[in-house]
Chemist: 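Before I ask anything, let me first share the structure, which is written out below as structure tokens.
Residue numbers begin at 1 in each chain, while the letters A, B, ... track the order of the sequences.
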Amino acid sequence: MNDKDRRSMPLFSIGIVMKLTELTARQIRYYEANDLIAPERTKGNQRLFSFNDVDRLLQIKDLLDKGLNMAGIKLLLDEEEKEMVTEEVSKKAKKAPANLSDKELRDILKNELNEAGRYGKASMRQGELARFFAKR
DNA sequence: CTTCTAACA
DNA sequence: TGTTAGCA
């Protein structure tokens, strides 16, 4: 079995994930409702998270602190899933949690916008671009 | 006891 | 987001 399989293996209950991510069950479920994560389910309908899910939740928490909203995060994560490109972006977002300057954030977002177009994804409209920045 | 969905004195 | 109700 390779690393990819291991990371995507459904192993943890929401309780474990709560402790691992410092997030409430409410938040975790809410993020799932917004398609930021897609944990597996047991036959009893209980969520089973993979190592990747936990990692993703950590990134989500991070991005949320930086002021991005669900839409913005979803785009970033979607591109990340398409592989490559965001390798550096994700590292930057994950390794520089508490000190990401506005310029860096803008660069990351601009990078994502460019990639989105490169991948034939519908380009964002003005309104959506504005929504990239959350006004909590 | 833990998790789930739905809903809001 | 919190919190609670009523199930499984």
Side-chain angles (χ1 to χ4, degrees):
Chain A
M1 187 182 288
N2 57 52
D3 260 39
K4 187 175 183 296
D5 295 325
R6 252 183 282 279
R7 292 177 199 298
S8 57
M9 191 177 294
L11 303 171
F12 329 102
S13 67
I14 196 167
I16 303 285
V17 178
M18 285 175 72
K19 295 175 181 174
L20 259 34
T21 63
E22 272 336 282
L23 290 168
T24 65
R26 177 76 162 86
Q27 293 175 303
I28 296 171
R29 292 172 184 139
Y30 182 64
Y31 302 153
E32 179 191 23
N34 281 273
D35 304 303
L36 264 39
I37 53 173
E40 226 59 26
R41 294 280 182 149
T42 65
K43 291 184 178 181
N45 197 44
Q46 307 232 133
R47 275 166 266 250
L48 279 188
F49 303 79
S50 68
F51 190 77
N52 270 161
D53 291 324
V54 175
D55 211 75
R56 239 165 114 114
L57 284 170
L58 257 17
Q59 292 185 57
I60 293 170
K61 196 173 86 170
D62 224 76
L63 266 7
L64 242 26
D65 283 334
K66 299 189 186 323
L68 279 89
N69 57 25
M70 300 293 200
I73 293 175
K74 182 183 292 184
L75 282 177
L76 289 175
L77 264 33
D78 280 354
E79 291 308 317
E80 213 167 278
E81 279 191 331
K82 287 181 185 174
E83 304 147 305
M84 57 192 306
V85 180
T86 32
E87 178 70 338
E88 190 186 331
V89 176
S90 58
K91 277 186 179 178
K92 198 180 284 184
K94 185 160 49 178
K95 285 201 167 184
N99 46 31
L100 190 62
S101 71
D102 276 354
K103 170 170 170 47
E104 287 178 317
L105 178 56
R106 282 172 181 286
D107 285 343
I108 290 175
L109 296 178
K110 184 167 63 181
N111 181 304
E112 288 305 319
L113 287 176
N114 290 330
E115 289 310 321
R118 199 170 303 170
Y119 281 48
K121 190 171 188 173
S123 60
M124 296 179 83
R125 296 165 310 199
Q126 280 264 303
E128 294 174 315
L129 181 58
R131 249 167 271 146
F132 231 22
F133 299 91
K135 303 298 179 183
R136 292 172 299 175

Chemist: Hey, could you give me each pair passing salt bridge (Lys or Arg N to Asp or Glu O under 4.0 Å) that has a residue in residues 37-46 of chain A? Not counting sequence neighbours.
Modeler: A/E32-A/R41

Chemist: Given Watson-Crick or G-U pairs with both distances under 3.5 Å, what dot-bracket string fits DNA chain C, with | for other-strand pairs and [ ] for crossing?
Modeler: .|||||.|

Chemist: Would you please name every residue forming a side chain to side chain donor-acceptor pair (under 3.5 Å) with A/T21, sequence neighbours left out?
Modeler: none

Chemist: Locate the shortest heavy-atom distance separating A/M70 from A/L36; write the atom from each residue and the value.
Modeler: SD-CD2, 3.4 Å

Chemist: Please determine whether residues A/M18 and A/L48 belong to a single hydrophobic cluster, defined as Ile, Leu, Val, Met, Phe, Trp and Tyr linked transitively by side-chain heavy-atom distances below 4.5 Å.
Modeler: no

Chemist: With a 4.0 Å cut-off on heavy atoms, is A/R29 in touch with a base, just the backbone sugar-phosphate, or nothing at all?
Modeler: base

Chemist: List, one per line, each side-chain donor-acceptor pair under 3.5 Å for residues 8-17 of chain A, sequence neighbours excluded.
Modeler:
unit_1: A/S8; atom_1: OG; unit_2: A/K4; atom_2: O; d: 3.0
unit_1: A/S8; atom_1: OG; unit_2: A/D5; atom_2: O; d: 3.2
unit_1: A/S13; atom_1: OG; unit_2: A/G15; atom_2: N; d: 3.4
unit_1: A/S13; atom_1: OG; unit_2: A/I16; atom_2: N; d: 3.4

Chemist: Show, in sequence, the C-alpha distance, side-chain angles and deciding distance for A/R29 and A/R47, and conclude whether the side chain to side chain contact (heavy atoms under 4.5 Å, CB included) test is met.
Modeler: CA-CA 9 Å; A/R29 292 172 184 139; A/R47 275 166 266 250; 3.5 Å; yes

Chemist: Walk along nucleotides 3-8 of chain C from 5' to 3' and tag each nucleotide B, S or - by protein heavy-atom contact under 4.0 Å, base first, then sugar-phosphate.
Modeler: B-----

Chemist: Under a 4.0 Å heavy-atom cut-off, which of residues 9-20 of chain A touch DNA chain B?
Modeler: A/S13, A/I14, A/G15

Chemist: What is the distance from atom CD1 of A/I37 to atom CD of A/Q59, rounded to the nearest 0.5 Å?
Modeler: 12.0 Å

Chemist: Which value, rounded to the nearest 0.5 Å, describes the distance between A/L57 atom CG and A/D62 atom CG?
Modeler: 12.0 Å

Chemist: Would you find a donor on one side and an acceptor on the other, under 3.5 Å apart, between the side chain of A/D53 and the backbone of A/S50?
Modeler: yes

Chemist: With a 4.5 Å cut-off on side-chain heavy-atom distances among I, L, V, M, F, W and Y, is there a chain of contacts connecting A/L20 to A/L63?
Modeler: yes

Chemist: Suppose we screen for salt bridge (charged side-chain N to carboxylate O under 4.0 Å, His left out). Which residues come up paired with A/D3, at least two apart in sequence or across chains?
Modeler: A/R6, A/R7

Chemist: First and last nucleotide of DNA chain B in contact with chain A, 5' to 3', at under 4.0 Å to a heavy atom: what are they?
Modeler: B/dT3 to B/dA7

